[in-house]
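The next block holds one structure in the form of structure tokens; read it before the comments.
The chain is numbered in sequence order, starting from 1. When reading the values below, keep in mind they use all heavy atoms of this one structure, side chains included, and skip hydrogens, waters and symmetry mates.
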Amino acid sequence: FPVTIISMPKTYSKDFIDAVNADMSDSAGVYLAKVCVEAKLPAAFVAKTLGVSRMTLYSWFRGGEIRWRNTLLAEALADQISKDLKAGVLLPAKSMQEARRYLENLGKTFHEE
């Protein structure tokens with residue numbers, strides 16, 4: 001029998017999750033972090049979707065400053081992920097492939113606008 005290996009999405013560290021959940025700021029980056037953790041979307045894929053580095057994304061996740069244009073993108077992405085989570089549309093991601101596919105499709109939509 002052929003064996004299909006489905007790799008699970010890389011999880012965020014417990015310390016990171018605790019810090020994000022404790023952060024009560026209204027920062028777009030923190031909001032994005034919370035929905036990405038809940039949706040099980042790896043930071044590397046989210047960063048690629050937004051066209052930024054993982055280091056930049058993690059800075060945003062921790063409340064770092066975001067340029068205005070990127071703030072709008074981060075908020076729009078977070079809103080869509082949150083909406084899809086509530087609707088049960090492909091989220092939370094069950095594998096790396098699902099997470100990648102979801103964000104690639106979402107990225108195409110965002111960059112067409």
Side-chain angles (χ1 to χ4, degrees):
F1 294 98
V3 177
T4 303
I5 298 175
I6 298 175
S7 58
M8 295 303 292
K10 185 176 180 198
T11 59
Y12 296 91
S13 73
K14 182 180 179 343
D15 289 341
F16 175 78
I17 293 169
D18 289 346
V20 166
N21 286 332
D23 192 328
M24 300 307 289
S25 73
D26 60 354
S27 159
V30 173
Y31 170 47
L32 180 60
K34 288 179 181 184
V35 298
C36 287
V37 166
E38 187 178 350
K40 297 185 179 177
L41 297 172
F45 298 160
V46 176
K48 185 175 180 180
T49 301
L50 291 169
V52 299
S53 70
R54 278 189 306 163
M55 191 165 90
T56 295
L57 185 66
Y58 273 107
S59 171
W60 297 356
F61 280 1
R62 290 187 169 90
E65 189 174 328
I66 308 175
R67 290 185 182 143
W68 178 248
R69 178 185 175 281
N70 288 333
T71 298
L72 297 176
L73 280 173
E75 288 174 345
L77 182 64
D79 286 344
Q80 187 61 53
I81 293 168
S82 180
K83 181 179 168 185
D84 290 344
L85 262 169
K86 288 177 181 141
V89 178
L90 302 172
L91 297 176
K94 294 172 185 64
S95 69
M96 292 291 274
Q97 293 84 357
E98 277 188 16
R100 178 180 284 129
R101 195 173 323 117
Y102 173 80
L103 285 167
E104 283 175 351
N105 290 334
L106 198 55
K108 288 175 190 171
T109 306
F110 273 78
H111 296 294
E112 287 173 359
E113 295 174 358

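Val35 pairs by the side-chain contact (heavy atoms from CB on, under 4.5 Å) definition with Tyr31, Leu32, Ala78, Ile81, Ser82, not counting sequence neighbours. Not a single ring-ring contact (aromatic ring centres under 6.0 Å, His included) links Phe45 to another residue, sequence neighbours left out. In this structure, Asn21 has no side chain to side chain donor-acceptor pair (under 3.5 Å) partners at least two apart in sequence or on a different chain. Evaluation of the side chain to side chain donor-acceptor pair (under 3.5 Å) rule for Thr71 yields no partner, not counting sequence neighbours.
A continuous path of hydrophobic side-chain contacts links Val37 to Val89 [ILVMFWY only; heavy atoms under 4.5 Å]. Note on Leu41 and Val30: separate hydrophobic clusters, where clusters join Ile, Leu, Val, Met, Phe, Trp and Tyr whose side-chain heavy atoms are under 4.5 Å apart, directly or indirectly.
Taken from CD in Gln80 to OH in Tyr102, the straight-line distance is 5.5 Å, to the nearest 0.5 Å. Here the CG-CG distance, from Asn105 to Leu90, works out to 8.5 Å after rounding to the nearest 0.5 Å. To the nearest 0.5 Å, the span separating CD on Glu75 from CG on Asn70 amounts to 11.0 Å. Atom CZ of Arg101 and atom CD of Glu98 lie 6.5 Å apart (nearest 0.5 Å). Lys48 NZ to Arg100 CZ: the interatomic distance, rounded to the nearest 0.5 Å, is 7.0 Å.
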Using distance only, find each side-chain donor-acceptor pair of residues 59-68 under 3.5 Å and give its atom names and separation, not counting sequence neighbours.
none

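Legend: salt bridge (Lys or Arg N to Asp or Glu O under 4.0 Å) pairs involving residues 15-31, not counting sequence neighbours, sorted by first then second residue: Lys14-Asp18.
With Cys36 as reference, Val46 is the one residue of Leu77, Val46, Val20 to meet the side-chain contact (heavy atoms from CB on, under 4.5 Å) rule.
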